[in-house]
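All values below were derived from every heavy atom in this structure, side-chain atoms included, with hydrogens, water molecules and symmetry-related copies excluded.
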Amino acid sequence: MKRDVETLSVLDKLDGYRAVRFTWKASGKQDVGVIAQEVYEVFPEVVVTGDEKETVTEGDEAWGVNYEKLGALALEAVKELKAANDNLRSELNAANDNYAADIDALRAIVEEQGRQIERLKAGAP
């Protein structure tokens, strides 16, 4: 039922909007969310502008956010973070393997130098 499907890159766009705490003017209640105009700049598909809303409480200029769609973006961001974490873990494991090999090589050098010192002490060539 869908066409032109493309995977979004989300992490590089997260700086384009922010999570905020705010107080609703009408009720005085505190809430958390995002600013629709900020989200619109990076993910316009998530925002419902005033002229698209079925019910508008503060006039036609009020915008809203479809938070269910933000969930899909959050899941993709988690996948991107996991991939980055997996890459870093692989790099760390490779670095640890190289470190262990370097330590083994250094131990062999030190042992050989110790044997050479013992031979010199004994007067051997």
From [X] atom [atom1] to [Y] atom [atom2], the distance as rounded to the nearest 0.5 Å:
X     : Y     : atom1 : atom2 : value
Lys82 : Arg89 : NZ    : CZ    : 9.0 Å
Leu73 : Leu11 : CG    : CG    : 11.0 Å
Leu88 : Leu81 : CG    : CG    : 10.5 Å
Lys13 : Asp15 : NZ    : CG    : 12.5 Å
Gln30 : Arg21 : CD    : CZ    : 6.0 Å

Glu112, CD: over 12 other non-hydrogen atoms inside 6.0 angstrom: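 Result for CD/Glu112: enclosed.
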Quick check: do Val34 and Tyr67 have side-chain heavy atoms less than 4.5 Å from each other?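 Counting from C-beta outward, Val34 and Tyr67 do come under 4.5 Å.
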Sub-4.5 Å side-chain heavy-atom contact between Val46 and Tyr17: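 Result no, sub-4.5 Å side-chain heavy-atom pair not found.
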Before accepting this row, confirm whether a basic side-chain N of the pair Glu76/Lys69 lies closer than 4.0 Å to the acidic partner's carboxylate O.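 Salt bridge flag = no for Lys69 with Glu76.
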Carboxylate-amine/guanidinium proximity below 4.0 Å for Arg115 and Glu118: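 Looking at Arg115 and Glu118, the cut-off is not met.
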Taking all non-hydrogen atoms of both residues, which atom of Val10 and which atom of Ala77 are closest, and how far apart?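 Taking Val10 first and Ala77 second, the nearest heavy atoms are CG1-CB, 3.8 Å.
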Applying the 4.5 Å side-chain criterion to the ILVMFWY set and letting contacts propagate, would [X] and [Y] be lumped into a single cluster?
X     : Y     : value
Trp24 : Val20 : yes
Leu75 : Val65 : no
Phe22 : Ile35 : yes

Do any pairs count as a salt bridge (charged side-chain N to carboxylate O under 4.0 Å, His left out) and have a residue in residues 91-104, sequence neighbours left out, and if so which ones?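 Sorted pair list: Asp104-Arg107.
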Val78: what forms a side chain to side chain contact (heavy atoms under 4.5 Å, CB included) with it, not counting sequence neighbours?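 Per chain and number, Val78 pairs via side chain to side chain contact (heavy atoms under 4.5 Å, CB included) with no residue.
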For Phe43, give me all partners under ring-ring contact (aromatic ring centres under 6.0 Å, His included), at least two apart in sequence or on another chain.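 Checked Phe43 against ring-ring contact (aromatic ring centres under 6.0 Å, His included); zero matches.
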